[in-house]
Number of protein chains: 2
Amino acid sequence: MRERVQDSGNCKVAANRRLHPDSHTCDLCEARAFNMCNALEPEELARLAAIMSHQTVEAGGTFIEEGAAADDLFNLTSGTVKVFKLLSDGRCQITGFMMAGDFLGLSRGGTYAYSATAITPVTFCRFQRPQLRGLFNELPKIERQMLGLAMNELMAAQDQMVLLGRKTARERIASFLLTLSDRAVRRGRPGNPVDLPMTRGDIADYLGLTTETVSRSFTQLKTERVIALKGNHGVEILDLDALVEIAGIDERSTAMAFDTIA
Amino acid sequence: MRERVQDSGNCKVAANRRLHPDSHTCDLCEARAFNMCNALEPEELARLAAIMSHQTVEAGGTFIEEGAAADDLFNLTSGTVKVFKLLSDGRCQITGFMMAGDFLGLSRGGTYAYSATAITPVTFCRFQRPQLRGLFNELPKIERQMLGLAMNELMAAQDQMVLLGRKTARERIASFLLTLSDRAVRRGRPGNPVDLPMTRGDIADYLGLTTETVSRSFTQLKTERVIALKGNHGVEILDLDALVEIAGIDERSTAMAFDTIA
DNA sequence: CGAGATCTTGATCTGGTTCAAAGCAAGTGG
DNA sequence: CCACTTGCTTTGAACCAGATCAAGATCTCG
């Protein structure tokens, strides 16, 4: 299995790197509080653990390819993943950056609806669909938890549509930084020096811009003393109020979360 | 209750028009096959029907307002609804056009995540959240069905992100027409003279464009004999292959649907 | 340390917006 | 039954935010 690379702008698709199986205990899982395992009793958790395997992928590894048979479902436990779709001429749209607690593997007609590539080294729990489906019948809690996660993702997707359809480059960058900061905080990490594991190109593909425009917007905000750049992969928010103001007043956004459907 | 109108570009928000309660039998429901009632046995359906009320809203009526207390969930049975979010300065992004079978009422922190306005007269089933939640425990089937619906919506949202982030105006219009056509077919309606109940302004707010650009793109496709305009609310597809070609080759899109999560 | 990748900056170009003004179609009331 | 309003839609002309093209500067990591 050597890495076939199909060029497509920033979103090169390298074939699956070797997946490294890994021992793992749910007790210590850092994603536990945010994911579908959240509501489970120890005994139930054990049953879930019985049908899953825990694995790692190195940075740059593509472990889901759009159009391939959707055999598995993934539950991230650490690291950051970019989820994206490509147009035939190579244009790329990243639909989300996934972190610990997020699940991956949406399918349409039995094939994956998007590709997923590790930006940092990642670890995840992997489930085979038929087995997971079986467990759903016995533990409807899981299904409910997933419905909640799906609803949250749907709301995030709607916010992203507003961003892509109606916001300026500057507003997009500001919103992006605030969203990342919020997400970090909600995962118990510091929200201020914002960590940007992805490249400028990835940010561009996420925000519907070009690398150059992303860079210029950062520079502009830096010049205005709203942010400070900490190398290529970190941003310090110097003036939060200003950033919120620039983002446009819809940053209720990802602020709170997890209403169940009813 | 008179209509307060808060101007905001194309997406004026008029206060709830009177909701007309309505008698209704699930047996005859035209949305039955596509919505969350689909998998239910007659006896189960009766229990669902017991906690719902069936209502109508006239065209132009706004029955969900972003930020208001999210007390109810809606399940459309006929008509077309636009779902949208507004920025503080009035910019509007329509995140979807909903039809029979779609559900409405996503909430975040107890308040609705978006507004919804009827484009045509609509009818829907209305559920109160607490009651529906109660039924979930007894009929997990409903929850599963909703998870499937949510997943489908999520995939549609991802396609829309590609459209908004990376497609040209021409490509957006072509994709839009194909998607509407597909949806009509999947609901057992003719797919070819495509019905456009919404205005050019609505289409613009959905596709991240302006009214003028939408109009110009239609005119261009008409000049090229790819489509023919049938008044303001209809489009005949004259050259389907060309339209698919123009849309960009990702129109697997809404083509098929309804994989369950696992 | 050095080479490739990533990031910034500058100059120019353009697709889509904005601003402005007719068309057009569906009522409405005289 | 027809002028008149009203709300879309189309078309035209000027403009601009962001894209594209083209160097450099700066990381990153073997």
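Naming convention: chains lettered A, B, ... in sequence-line order (proteins, then strands); numbering from 1 in each chain.
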Chemist: More 5' along DNA chain D: Gly208(A) or Gly231(A), using each one's nearest nucleotide?
Modeler: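 Between the two, 5'-proximity favours Gly208(A).
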Chemist: What integer distance in Å separates Ile173(A):CD1 from dA17(D):C1'?
Modeler: 14 Å
Chemist: Nearest-Å distance, CZ (Arg170(A)) to P (dC16(D))?
Modeler: 18 Å
Chemist: For Thr199(B) and dC8(D), is the shortest distance between a side-chain N/O and OP1 or OP2 below 4.0 Å?
Modeler: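 No.
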Chemist: Does a side-chain N-to-carboxylate-O contact under 4.0 Å join Arg108(B) and Glu66(B)?
Modeler: no
Chemist: Quick one: is dT10(D) close enough that its OP1 or OP2 comes under 4.0 Å of any side-chain N or O from Ser215(B)?
Modeler: yes
Chemist: Counting any heavy atom closer than 4.0 Å, what does Leu229(B) reach on the DNA or RNA strands: base, sugar-phosphate only, or nothing?
Modeler: sugar-phosphate
Chemist: Does either side chain, that of Lys167(B) or that of Ser175(B), offer a donor lying less than 3.5 Å from an acceptor on the other one?
Modeler: yes
Chemist: Classify the nucleic acid contact of Leu207(A) as base, sugar-phosphate or nothing, counting any heavy atom under 4.0 Å across all strands shown.
Modeler: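 Here Leu207(A) touches no strand at all.
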Chemist: Using whole Å, what does the distance between atom C1' of nucleotide dA17(D) and atom CZ of Arg91(B) come to?
Modeler: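 The distance from CZ of Arg91(B) to C1' of dA17(D) comes to 13 Å, rounded to the nearest Å.
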Chemist: Looking only at N and O atoms, is any donor in the side chain of Arg216(A) or the base of dT20(D) less than 3.5 Å from an acceptor on the other one?
Modeler: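 Between dT20(D) and Arg216(A), which were checked side chain against base, a qualifying N/O pair under 3.5 Å is present.
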Chemist: Without decimals, in angstroms, what is the distance between Asp205(B) CG and dC8(D) C1'?
Modeler: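 Checked: the CG to C1' distance equals 14 Å.
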Chemist: Separation of Arg166(B) atom CZ from dG15(C) atom P, in whole Å?
Modeler: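 After rounding, the reported distance stands at 16 Å.
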Chemist: Quick check against the 3.5 Å criterion: does Thr123(B) have a side-chain atom that pairs as donor or acceptor with the backbone of Gln55(B)?
Modeler: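 Not at all, since once roles are kept as given, no pair shorter than 3.5 Å links the two residues.
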Chemist: In this structure, how many angstroms lie between the P atom of dC8(D) and the CE atom of Met198(B), rounded?
Modeler: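 Rounding to the nearest Å, CE of Met198(B) and P of dC8(D) are 14 Å apart.
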Chemist: His233(A) has an atom NE2; how far is it from atom P of dT26(D), in whole Å?
Modeler: 17 Å
Chemist: Salt bridge check, Glu224(B) against Arg170(B): does any charged N sit closer than 4.0 Å to a carboxylate O?
Modeler: yes
Chemist: Would you classify Thr219(A) as touching base, sugar-phosphate or nothing, given that sugar-phosphate means primed atoms plus P, OP1 and OP2, and contacts are heavy atoms under 4.0 Å?
Modeler: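 Here Thr219(A) touches the backbone only, sparing every base.
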Chemist: Among dT20(D), dG16(C), dT10(D), which nucleotide has an atom closest to any side-chain atom of Thr210(A)?
Modeler: dT20(D)
Chemist: Could you give the NZ-to-C1' distance, from Lys167(B) to dG18(D), as a whole number of Å?
Modeler: 21 Å
Chemist: Using heavy atoms to find the nearest nucleotide of DNA chain C for Glu212(A) and Val214(B) separately, return the residue whose nucleotide is more 5′.
Modeler: Glu212(A)
Chemist: Please compare Leu209(A) and Arg200(B) by the position of their nearest nucleotide in DNA chain D and report the one closer to 5'.
Modeler: Arg200(B)
Chemist: Quick one: does any side-chain atom of Arg172(B) pair with a main-chain N or O of Leu207(B) as donor and acceptor, under 3.5 Å?
Modeler: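 Yes.
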